[in-house]
Amino acid sequence: MHTDINALFAALWQDYIQMTPSAAKVHALLGHGKPIINDHIALRTFNIAKVNLDVLAKHFTSLGYVACGDYKFEQKKLIAKHFEHPDSTQPKVFISELLVEEFSPALQDTIRGLIAQVDVAATTADNFIYSGRHWSLDSKTYQDLLTESEYAAWVAAFGYRANHFTVSINHLDGFETLESVNDALKQAGFVLNGSGGEIKGSPEVLLEQSSTMADKIGLEFTDATVEIPSCFYEFALRYPMANGELYTGFVAASADKIFESTNVNKA
């Protein structure tokens with residue numbers, strides 16, 4: 001596992017921009033050439049022991065990250081945790097896992113078959129959380145998974161990598177509000193996730209979030225190359241709690257809609 005937190009995020013970012021060609025353009029548009037502070041990154045997995053949330057989390061807890069919140073998404077059949085580092089300028093980490101046993105026997109068999117192909121040793125390697133797919137997958141299996149769970153299909157297709165990075169609007173020069181960020185993105189031609197409104201959350205819940213719709217990239221399956229949604233860019237504005245410190249948690253109702261940024265049938 002990585003011993004250098006900055007090296008880990010740099011590697012995650014390099015993999016992410018390969019999957020998300022628009023990310024570099026968003027970066028240029030909002031950062032004006034300056035470094036951007038990321039609020040959080042998100043990772044997805046299955047609740048199968050070999051690759052579950054805890055396995056992914058060890059790559060961060062070994063670098064000083066601490067679990068800070070638990071979340072449940074009934075409709076999507078997911079649970080998640082978020083992790084924070086003592087250095088608040090390091091991105092928070094949001095890791096979710098699919099509750100595989102709550103799906104059809106066909107989906108369960110498919111996912112277990114994919115995870116059976118993962119070498120246990122790979123899960124503790126430095127690069128595991130940006131190593132992509134560890135199994136062979138044909139396009140029909142992807143489509144079959146998609147009919148039941150967009151999340152399952154995404155993880156099957158893309159494996160282990162950042163599903164999204166998130167710009168911290170609180171640390172961004174030149175933008176005071178999430179509306180102004182969204183307007184700049186739309187003027188530049190980016191399509192935003194409108195599920196539940198372009199802005200999810202509110203000052204009352206201490207967090208506002210928006211996101212682009214995922215890029216579409218040609219992904220190689222064993223039988224074909226198919227253009228499918230990859231990763232997206234998110235934007236977060238946090239509000240102070242009663243003690244004056246910025247809220248650092250997540251709002252499940254908003255996160256539920258953010259997951260839909262990778263939906264195939266949107267945008």
Side-chain angles (χ1 to χ4, degrees), residues 12 15-16 18-20 41-59 71-81 94-125 127-164 195 213-232 255-267:
L12 277 160
D15 175 74
Y16 167 73
Q18 302 239 303
M19 294 290 117
T20 324
I41 67 155
L43 299 165
R44 296 177 172 187
T45 191
F46 301 110
N47 69 334
I48 294 172
K50 196 195 285 186
V51 295
N52 68 10
L53 194 159
D54 293 341
V55 170
L56 272 60
K58 280 184 186 138
H59 288 267
Y71 310 89
K72 190 160 178 58
F73 302 92
E74 301 278 353
Q75 248 184 322
K76 292 185 174 66
K77 302 173 182 173
L78 302 168
I79 58 169
K81 285 180 190 268
F94 186 90
I95 306 176
S96 55
E97 64 181 5
L98 194 72
L99 304 174
V100 176
E101 70 281 359
E102 294 191 12
F103 289 86
S104 71
L107 183 142
Q108 293 184 48
D109 288 348
T110 299
I111 298 305
R112 290 185 194 287
L114 300 181
I115 300 308
Q117 297 171 54
V118 179
D119 177 359
V120 173
T123 65
T124 55
N127 71 338
F128 181 62
I129 51 175
Y130 51 90
S131 61
R133 197 161 74 204
H134 288 253
W135 44 78
S136 62
L137 184 71
D138 60 59
S139 59
K140 183 186 181 303
T141 304
Y142 169 78
Q143 294 296 340
D144 289 347
L145 289 170
L146 197 56
T147 60
E148 207 175 330
S149 167
E150 184 278 328
Y151 183 108
W154 191 94
V155 181
F158 290 99
Y160 294 96
R161 49 175 37 109
N163 168 260
H164 62 270
S195 180
M213 288 304 291
D215 280 12
K216 287 204 166 107
I217 64 165
L219 196 70
E220 281 187 34
F221 294 95
T222 53
D223 57 336
T225 298
V226 184
E227 196 169 82
I228 64 170
S230 57
C231 308
F232 60 93
D256 187 70
K257 299 301 182 192
I258 292 283
F259 278 119
E260 294 174 20
S261 302
T262 51
N263 277 11
V264 173
N265 57 358
K266 301 243 173 155

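Note that the structure is predicted; figures quoted are calculated from it, not measured. The analysis underlying the following values was restricted to heavy atoms, covering all of them including side chains, and did not include hydrogens, waters or symmetry mates.
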With Thr124, which residues qualify under side chain to side chain contact (heavy atoms under 4.5 Å, CB included), at least two apart? Met1

Do Ser96 and Tyr151 have side chains that approach each other closer than 4.5 Å (heavy atoms only, starting at C-beta)? yes

Qualifying salt bridge (Lys or Arg N to Asp or Glu O under 4.0 Å) pairs with a residue from residues 101-116, counting only residues at least two apart or across chains: none

Where do Leu99 and Leu78 land on the side chain to side chain contact (heavy atoms under 4.5 Å, CB included) test, with the steps shown first? CA-CA 6 Å; Leu99 304 174; Leu78 302 168; 5.9 Å; no

Note, Thr45 side chain near Leu98 side chain (heavy atom, < 4.5 Å): no

Decide if the gap between the ring center of Tyr160 and the ring center of Tyr130 is smaller than 6.0 angstrom. no

State which residues pass salt bridge (Lys or Arg N to Asp or Glu O under 4.0 Å) with Lys72; sequence neighbours excluded, sorted by chain then number. none

Could you tell me the separation between the CG atom of Leu137 and the OG1 atom of Thr110, rounded to the nearest 0.5 Å? 9.0 Å

Is it the case that the ring center of Phe94 lies less than 6.0 angstrom away from the ring center of Tyr71? yes

Within the 4.5 Å heavy-atom criterion, are Phe46 and Glu97 side-chain neighbours or not? no

Enumerate the salt bridge (Lys or Arg N to Asp or Glu O under 4.0 Å) contacts for residues 149-163, please, sequence neighbours excluded, ordered by first and then second residue. Asp15-Arg161, Arg44-Glu150

Under the salt bridge (Lys or Arg N to Asp or Glu O under 4.0 Å) test, which residues partner Asp138, sequence neighbours left out? none

Answer with yes or no after comparing the ring centroid distance for Tyr16 and His164 against a 6.0 Å cut-off, counting only values under it. no

Six-ring centre of Phe103, Lys77 cation under 6.0 angstrom, axis tolerance 45°: yes

Apply the test side chain to side chain contact (heavy atoms under 4.5 Å, CB included) to residues Thr123 and Val118: give CA-CA distance (whole Å), side-chain angles for both, the deciding distance (0.1 Å), then the verdict. CA-CA 8 Å; Thr123 65; Val118 179; 4.0 Å; yes

My understanding is that only residues two or more places apart in sequence, or in another chain, count here; which of them pass side chain to side chain contact (heavy atoms under 4.5 Å, CB included) with Asp119? Ala121, Ala122

